[in-house]
Protein chains: 2
Amino acid sequence: MSDISPIRATSGTNQEGTSAHNRRVMMDALRLNGALSRADLARATQLTKQAVSNIIDELERDGFVVSLDAVRKGRGQPSTPYRLVPEGAFAIGLQIDRHLTRAVAVDLVGTVLVRAEANLPPDDPHGGVRIILGVIEGIRRDLAAISAQSERRIVGLGVAMPGPFGLEEFGDNKWMMPAWQKYPLLETLAAGTGFDVSLQNDAAACAIAERMVGAAHGLDHAVCLYVGYGIGAGLILNGESYRGGNGNAGEIGMALLSPRGSDGAVLEHRASLASLYQHLELDPSEPGLYEHVEALALADDPALLAWVRDAAMDLRWSVQLIETLFDPQTVILTSGAPEALARLILEAMLPLPSSIADRPQRSLPRLQLGITDPWSIALGAAAEPIGRAFDPRFSAILKTRSGG
Amino acid sequence: MSDISPIRATSGTNQEGTSAHNRRVMMDALRLNGALSRADLARATQLTKQAVSNIIDELERDGFVVSLDAVRKGRGQPSTPYRLVPEGAFAIGLQIDRHLTRAVAVDLVGTVLVRAEANLPPDDPHGGVRIILGVIEGIRRDLAAISAQSERRIVGLGVAMPGPFGLEEFGDNKWMMPAWQKYPLLETLAAGTGFDVSLQNDAAACAIAERMVGAAHGLDHAVCLYVGYGIGAGLILNGESYRGGNGNAGEIGMALLSPRGSDGAVLEHRASLASLYQHLELDPSEPGLYEHVEALALADDPALLAWVRDAAMDLRWSVQLIETLFDPQTVILTSGAPEALARLILEAMLPLPSSIADRPQRSLPRLQLGITDPWSIALGAAAEPIGRAFDPRFSAILKTRSGG
DNA sequence: TTATTAAGTCAACTGACTTGACTTATTACT
DNA sequence: AGTAATAAGTCAAGTCAGTTGACTTAATAA
């Protein structure tokens, strides 16, 4: 008989959900605040001292937290702070791009421990997946060499690749990766590795990375404007990555530049690295591209600067759009480009157009530079399973359909 | 000593949270599916029959659900369906606009039971609030006449008014309501009525109304494009109204129409009802305005049609933007304008520009007409407290700081 | 030296969901 | 008809995570 019921409802919860939530709350508090005593945690989470004590005991037994030396601060018994144990959990992150793949292993606090990359044959997911599985296998081996416990403690595999997803229509668009879009990637990787696998677009991965270890750390509302081969916005809304109804939220690169433009020009056509390469007449698959562009940026190459000036016009507009529609605490500029170029773009974007975001009492800048490391997408991909396993969130409380 | 701790953390939860969540889940399931037996609820919510039985007993005792006649369906003991009791709870919704205020009382299922309106003195919140309190007092009396229990069962007061909020900078902008923005409205209304009071912009209120009783019923991702005196987008993300970091998310009326336009033209300047009134040289404070515009729309007035054609160009673009950035399941067009005009606008917006939203296997239209009733904003305002009190959501599970 | 303050533990308690057996009511099959 | 099968719903004991309130420990302030 079928499990599928036509009745729609949210799942209920029980004590398991309560306990799971409270464990997550403890770990999240330690991540945000560094190290806290049981008494601190009780105050911050509004649980009783006793409940916190039990939970911390359990987390310590499970290897997620350890105590530090007691600290005396004023009257009263000294407190014993606890901190997260980085080796408490690991995750693997995978970036799949048009011409290459990068993979990293990170620990519970987001430190990258192992990294590896490989070239991918263009438009050949079947061959590509074989290569990817090899890369992941290598990452696992290297990680096992660092931490003996690691294999048991890997919570999942996060994959990031360019979106949008699920659109057959755009099959022959050069901005997409049509063959990969159709390939049953998650299933294949899950079968090949035994991990839970999740997928997000590269901008979302960037945003998750920024939230774990970057400019969005501790923020509940932030948007990451990612300027890569395409352009996307990674959304952190209410403290979680937002993906929309079909996983394509934030595809700002496809936003029409104007209501009246008859040409259907979209942001991506004018401000992406793809447009830069076209402007400079470079071949995107050329090996030394990154270094070449970096050199041009450092040398203030006039052709590159012309593109920057032009692209920045459109990107300023996109920041105003993001602020107007999402009302984030900050916007973070990230890029697959070298830091020198990202800085040029950022500078050229200032001053920003006025928006609802320029209020006098702001504490965060409207726009700031994020992680400018080519590995940040893989890092964000890896951060996703960590967040899914350890961050407090609604879905973690709900009962899950058993047997599925 | 101070309650305020520099330590940031999510609240923990306990059995109270569990129970509160499960009660909400039950009521939500009944709202979405009509009437369900205890066995149905157990299957849908993944709780045990026994747990459901206890919760339903309690909800019945509290007057939120009642049983219907048993129904026989195939083998086995007949099931006893339960449904929501509309009189189980009430809420009051208040729309504050530039020249008038509307208030409604709704019940648990979103039926409007009482309505009242009054004119407001422009830019005089102090006098305005006195009028508003009088209107609310009248609503309470009328509601008490309908349902004797009502006074005890009012869960809150929702207020909707034009945004954006909290911007001193825009003080003299004619699109805003500067005096009202500065007035401590929530505190005054809370003190004057004794209710919990919440505030949202009118577009958000529309979206909440659509989710409770309109085109977004049962949807988790929907955006409501509200064309009123200004223009806003009401956001339903993950089944909840999204308000951003400062309550201003969705202020699409302030989106710049183009990266290159030197004039700083925004959507609101060209496609709002304010721009229509300007185009037709009408005084927005004129009493019979609504009927006048309705007559023009029904008569296919050329000047009005010209504006419609023009505004629709910009609104089509805004729909593409919304789809690109939020990836909703559907976009709902709502308006403070008469239905005839709203229909003209909708028709003029078709066909929509292509976007990530036009995928072949769609079940919902990309754009549809929402509630075109001038009372829908007040209805949405009232729906907010109902949702806050009864919908399953993360915040409902968390412990709340005792003693404020 | 003593009072005060605060961290943390002990042990009994509570309450919401779970478990598994049982009762009730209906249809399907012989 | 009579019986088996099926499904709704109840009973009563069990479990477990957080709560309660008293207590212990260890520091500083007076």
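Sequence lines set the chain letters: A, B, ... in the order given, protein chains first and strands last, and positions in each chain run from 1.
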Expressed as a whole number of angstroms, how long is the span from [X]:[atom1] to [N]:[atom2]?
X	N	atom1	atom2	value
Gln77(B)	dA7(D)	CD	C1'	8 Å
Lys49(B)	dT24(C)	NZ	P	15 Å
Glu60(B)	dG9(D)	CD	C1'	14 Å
Ile397(B)	dA17(D)	CD1	P	17 Å
Arg43(B)	dT6(D)	CZ	P	15 Å
Leu36(A)	dA7(C)	CG	P	12 Å

Task: Residues from residues 64-75 of chain A lying under 4.0 Å of DNA chain C - heavy atoms - done: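 Output list: Arg75(A).
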- [ ] Drop me the distance from Leu219(A)'s CG to Gln329(A)'s CD, to the nearest 0.5 angstrom.
- [x]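 Separation between the atoms: 4.5 Å.
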Open item on the list: With a 6.0 Å cut-off (strictly less than), is the heavy-atom count around CD of Glu60(A), excluding the residue itself, greater than 12?
Closed with: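 Correct, the count exceeds 12.
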- [ ] For this output row, return yes or no: ring centroids of Phe390(B) and Phe64(B) closer than 6.0 angstrom.
- [x]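 Here the rings of Phe64(B) and Phe390(B) have centres that are less than 6.0 Å from each other.
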Task: Side-chain N or O of Thr80(A) closer than 4.0 Å to phosphate OP1/OP2 of dA7(C) - done: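 Answer no for this pair, as no side-chain N or O of Thr80(A) is under 4.0 Å from OP1 or OP2.
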TODO: Respond yes when some side-chain nitrogen or oxygen of Ser53(A) is under 4.0 Å from OP1 or OP2 of dT9(C), and no when none is.
DONE: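 Answer yes for this pair, as a side-chain N or O of Ser53(A) is under 4.0 Å from OP1 or OP2.
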- [ ] Summarise protein proximity over nucleotides 10-17 of chain C in one line of letters, 5' to 3': B for base, S for sugar-phosphate only, - for none, counting protein heavy atoms closer than 4.0 Å.
- [x] BB--BBBS
Task: Heavy-atom closest pair, residues Leu30(A) and Leu84(A) - done: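 Taking Leu30(A) first and Leu84(A) second, the nearest heavy atoms are CB-CG, 4.0 Å.
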Open item on the list: I need the minimum non-hydrogen distance between Ile146(A) and Leu113(A), along with the two atoms involved.
Closed with: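 So the minimum-distance heavy-atom pair works out to CD1-O, 3.8 Å.
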Open item on the list: With nearest nucleotide decided by heavy atoms, which residue, Ala20(A) or Pro78(A), maps closer to the 5′ end of DNA chain D?
Closed with: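 Checking each residue's closest nucleotide, the 5'-ward one belongs to Ala20(A).
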- [ ] Output yes when a side-chain donor or acceptor of Thr10(A) lies under 3.5 Å from a complementary backbone atom of Val25(B), and no otherwise.
- [x]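 No: the side chain of Thr10(A) does not pair with the backbone of Val25(B).
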Open item on the list: Can you classify the ring geometry of Tyr242(B) versus His221(A) as parallel (below 30°), tilted (30 to 60°) or perpendicular (above 60°)?
Closed with: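 Aromatic pair Tyr242(B)/His221(A) classed tilted.
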Open item on the list: Less than 4.0 angstrom from a charged side-chain N to a carboxylate O is my criterion; do Asp57(B) and Arg38(B) meet it?
Closed with: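 A salt bridge links Asp57(B) with Arg38(B).
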Open item on the list: Check this for me, if you would: do Arg31(B) and Asp28(B) make a salt bridge, where the nitrogen-to-carboxylate-oxygen distance has to be below 4.0 angstrom?
Closed with: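 No, no charged N to carboxylate O under 4.0 Å.
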